[in-house]
Amino acid sequence: MSASTTTGKAAESGSAWAPLARPVFRALWIAQFVSNIGTWMQTVGAQWLLLGHGATMVTLVQTASSLPIVLLALPSGVLADRFDRRGLLVVAQVAMFAVSAVLTVLAFADALSAVPLLVLTFLLGCGTALMGPSWQAIQPELVEREQLGQASALGAVNMNLARAVGPALGGVVVAAAGAGWVFGFNALSFLGIAAVLVLWHRPKTTVPAGRQERLLTALHAGRRYVWNAPGVRRVLLRTALFIPGAAALWSLLPLIAADSLGMGSGGYGLLLGAVGVGAVGGAFALPWLRQHLGINGILAAGAVMLALVLLVLATVHIVWIAVLALLPAGVAWIGVLSTLNAAIQTRLPGWVRARGLAVYLLVFQGGQAVAAPVWGALVQWLGLTTALLIGAVVMLLSALTLHRWKLYSMEGIDPSLSDHWPTPPLVFEPGLADGPVLVSVVYHVAPDDCAAFIDAMDRVAHSRRRTGALTWGLFQDGNEAGRFIENYLVGSWAEHLAQHHNRLTTTDRGFEDRVRALLLPGIEPEVTHAFDATVGPVVPRTETPSA
């Protein structure tokens, strides 16, 4: 039996580990696990070196790691959709190796003060920002679409299993030999991912000549898609509501270890490890949780659970109770994270996947970058206990908002490409840069179906805007009952060709089919394409094309 067959059967049986049957996914998963261990070892070393500089400085490690996502996520998403994603990932790994090597040398030379440490941590975050959209976007190339939820959960397991091992190992190494050794291990860990990526025989994907988007055009296309995709926007909203409160746990945990529990670097690693163990256990429970709670139930339960954990950490100062409390925190974290990640992955079509994921990473990491220093400032102003209690309240408020802003159901959503529009029959050959292009579609609807038609066209409007329309309007003919005219403007002929052949999905086709079902029998929609006549003369074809 082939690996793909085995994987498919495993997916059908609901196995959480099915994606690991795919060799490339498995190799990257292992390499990423080693790299994540190195990252957590370095995090322990960096935060522990800064403990003597105050609470705000400690939380700035989180900001220095996350802020680059705010600055670079969207450009990185454009690069990932425009160029070879594997190549970008290799470049990012090599760059992070170089930065980590500098950190290692400075640490061994005892020349690593707070400012260089934060600057180099920021540069490592830039590498993470460069690779983030590409890493997320290649997942559908590694596993079947039906396994994206499992692949997302395995990614979270990877991170949290590394969290169970890396911090404890990092704490021991820092205490026994110094921070230089954890920085050195982290540097070497990047080479493993780079090696797997170089050896991966990825099928080449090409964009038709002349249709490559310019960087700013691609950036605007990604923004336009996200703004006109209600399901994607709702995932981003849920992420934005969850992250600030959750950031209190990650930002303040070193202070909890040192100030509240009186533990050393090894103890801090133990606390992080408890979260990791809980997350790994949560991965096993995810299928049961999805079945019994649903995706919105997981989000609500996760927020409430984290609120309770923050409450315990604020009021109880006994080590073993804190360790036990952090186990369900890991379950809650992986449950929410994998739910949000799978929701965004399964909604995005291939042509804009990296840009959409870049926006998700921007909200996710940007929320942490902004929230971390706020929690540090609250500790210095009000004290650690009060800051943790405020974090618990914020998490409870996040859970309460689910009553109004739930994740939408994925039923009927299929982001696979659908090249169902016929090539427009024009009397002249426009250039790719010619535009704007005014597309008009005339529909004939029975009077009794007009209200249903207008309602169905609302989804078509979102589809047009997602795939390239700058403006859109639906007009009812005042001289003929049931005659409607749809007008939308596209920036260039190249953009409209992209709509025809590269951007429409099976879901978009379904919206159009619902509209066509309401039209008068035997009267097809009439489509025209009009170009700006003030730009210059048109060049007629030698022959008039047939429809």
Side-chain angles (χ1 to χ4, degrees), residues 36 39-48 50-51 55-70 118 121 124-125 128 156 159-164 166-168 170-171 239-261 263 265 267-279 282 302-303 305-314 322-323 325-337 340 361 363-379 384 387-388 390-392 394-395 398:
N36 283 337
T39 298
W40 281 109
M41 290 176 67
Q42 174 164 305
T43 298
V44 170
Q47 290 185 317
W48 209 254
L50 293 174
L51 269 179
T56 301
M57 190 65 72
V58 173
T59 56
L60 281 178
V61 173
Q62 184 76 46
T63 299
S65 300
S66 303
L67 185 59
I69 302 292
V70 178
L118 289 174
T121 301
L124 278 175
T128 302
M159 174 63 75
N160 287 283
L161 189 59
R163 182 184 284 123
T239 304
L241 291 171
F242 174 77
I243 287 299
L249 178 64
W250 304 120
S251 303
L252 303 181
L253 201 56
L255 300 174
I256 294 170
D259 298 342
S260 179
L261 301 176
M263 304 170 76
S265 61
Y268 172 45
L270 175 64
L271 297 183
L272 282 172
V275 180
V277 170
M305 185 64 68
L306 283 175
L308 293 175
V309 170
L310 290 170
L311 178 62
V312 170
L313 294 176
V323 171
L326 288 170
L327 293 174
V331 177
W333 178 257
I334 195 174
V336 173
L337 183 63
L340 294 173
L361 291 173
V363 175
F364 187 90
Q365 297 287 356
Q368 295 188 72
V370 172
V374 172
W375 292 118
L378 284 174
V379 169
L384 179 59
L388 289 169
I390 293 173
V394 172
M395 288 310 312
S398 172

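Computed over heavy atoms, backbone and side chain alike; hydrogens, waters and symmetry mates excluded.
- Using bins of under 30°, 30° to 60° and over 60° for the plane-to-plane angle, the ring pair Trp333/Trp250 lands in the perpendicular bin.
- Across Ala274 and Leu327, no two heavy atoms sit closer than the pair O-CD2, 3.2 Å.
- Contact detail for Gly391 and Ala248: the closest heavy-atom pair is CA-CB, 4.4 Å.
- One finds the CG atom of Leu253 at 9.5 Å from the CG atom of Leu388 (value rounded to the nearest 0.5 Å).
- Residues Gly302 and Val336 approach most closely at CA-CG2, 3.9 Å, considering heavy atoms.
- Closest of all the heavy-atom pairs between Ala303 and Ser398 is CB-OG, 4.4 Å.
- Residues passing the side chain to side chain contact (heavy atoms under 4.5 Å, CB included) test with Leu311, sequence neighbours excluded: Thr315, Leu389.
- Between Met395 and Ala307, the closest heavy-atom pair is CB-CB, 3.7 Å.
- Here CG of Leu340 is found 4.0 Å from OG1 of Thr239. Values are rounded to the nearest 0.5 Å.
- In this structure Ala332 satisfies the side chain to side chain contact (heavy atoms under 4.5 Å, CB included) test together with Met305, Leu306, sequence neighbours excluded.
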Test Leu252 against Leu384 for side chain to side chain contact (heavy atoms under 4.5 Å, CB included), laying out the working first. CA-CA 8 Å; Leu252 303 181; Leu384 179 59; 4.2 Å; yes
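- For Val309, the side chain to side chain contact (heavy atoms under 4.5 Å, CB included) partners are Leu313, Leu326, Pro328, Ala329, not counting sequence neighbours.
- When all heavy atoms of Leu310 and Ala392 are compared, the closest pair comes out as CD1-N, 3.7 Å.
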